[in-house]
Amino acid sequence: FNIPLKATSIKEGEKLVMIKDGDKLIPTKLSEGRTDFGKEGYGGPCPPEGDHPHHYIFTLHAIKEANLPLTKDSSGAMVGYTINANSIAKLSITGLFGRAAPVKK
C-alpha cells in the first residue's frame with residue numbers, strides 16, 4: 001500500500017519500488033501490511049495438496065489519497081477496509097493454482 005503515483009516497477013524479492021524522476025529511477029521503500037500468514041510480505045498461494053485448483057484474485061486500486069494512515073503492523077482486514085473506503089478505481093486479475101497429491105511409492 002501507499003505505492004507512489006510515479007512508481008514504474010516493484011523489484012522482485014525486495015521491498016523497493018522504482019520511482020521515475022526525469023531520466024533516473026530512484027529506489028524507494030515499499031509499504032506492506034500483515035497478511036493471513038501473520039507477517040508482512042506476500043506468502044504465495046498454498047492450497048491443500050490434491051485439492052482442486054483455487055482462485056487467487058489480485059487487485060490494484062487507485063486511491064484518492066496520496067498516503068493511507070496504515071503501518072506495517074496494520075492487519076490485512078484494516079488494510080483492505082481502508083483501501084476499499086478510499087478506492088476510486090480498481091483492476092483485478094484472477095489466477096488458478098493447485099498442488100498435485102504426493103506420489104505414493
Requested in this report: Please answer: with hydrophobic residues joined when any side-chain heavy atoms are less than 4.5 Å apart, are I57 and F97 in the same cluster?
Outcome: no

Query raised in the report: Do the side chains of I3 and I63 join up, straight or via other hydrophobic residues, at under 4.5 Å, putting them in one cluster?
Result: no

**Report entry** Qualifying residues under side-chain contact (heavy atoms from CB on, under 4.5 Å), relative to H52, sequence neighbours excluded
**Finding:** H54

Query raised in the report: Can you list the residues that meet the side-chain contact (heavy atoms from CB on, under 4.5 Å) rule with S74, with sequence neighbours excluded?
Result: L70, T71, V79

Report task. Mark yes or no for whether N2, through its side chain, and L68, through its backbone, hold a donor-acceptor pair below 3.5 Å. Result -> yes

Considering all heavy atoms of both residues, which atom of [X] and which atom of [Y] are nearest to each other, and what is their separation?
| X | Y | answer |
| --- | --- | --- |
| P47 | G98 | CG-CA, 3.9 Å |
| A100 | E49 | O-CB, 3.9 Å |
| L96 | P53 | CB-CB, 4.3 Å |
| Y56 | C46 | OH-N, 3.3 Å |

Report task. Apply side-chain contact (heavy atoms from CB on, under 4.5 Å) to I83 and K90, showing your working. Result -> CA-CA 10 Å; I83 287 173; K90 64 183 178 178; over 6 Å; no

Query raised in the report: Considering residues at least two apart in sequence or located in another chain, which fulfil the side chain to side chain donor-acceptor pair (under 3.5 Å) criterion with T59?
Result: S92

Query raised in the report: Roughly how far, to the nearest 0.5 Å, is NZ of K72 from CZ of F1?
Result: 10.5 Å

**Report entry** Other residues, nucleotides, ligands: >12 heavy atoms within 6.0 Å of I88 CD1
**Finding:** yes

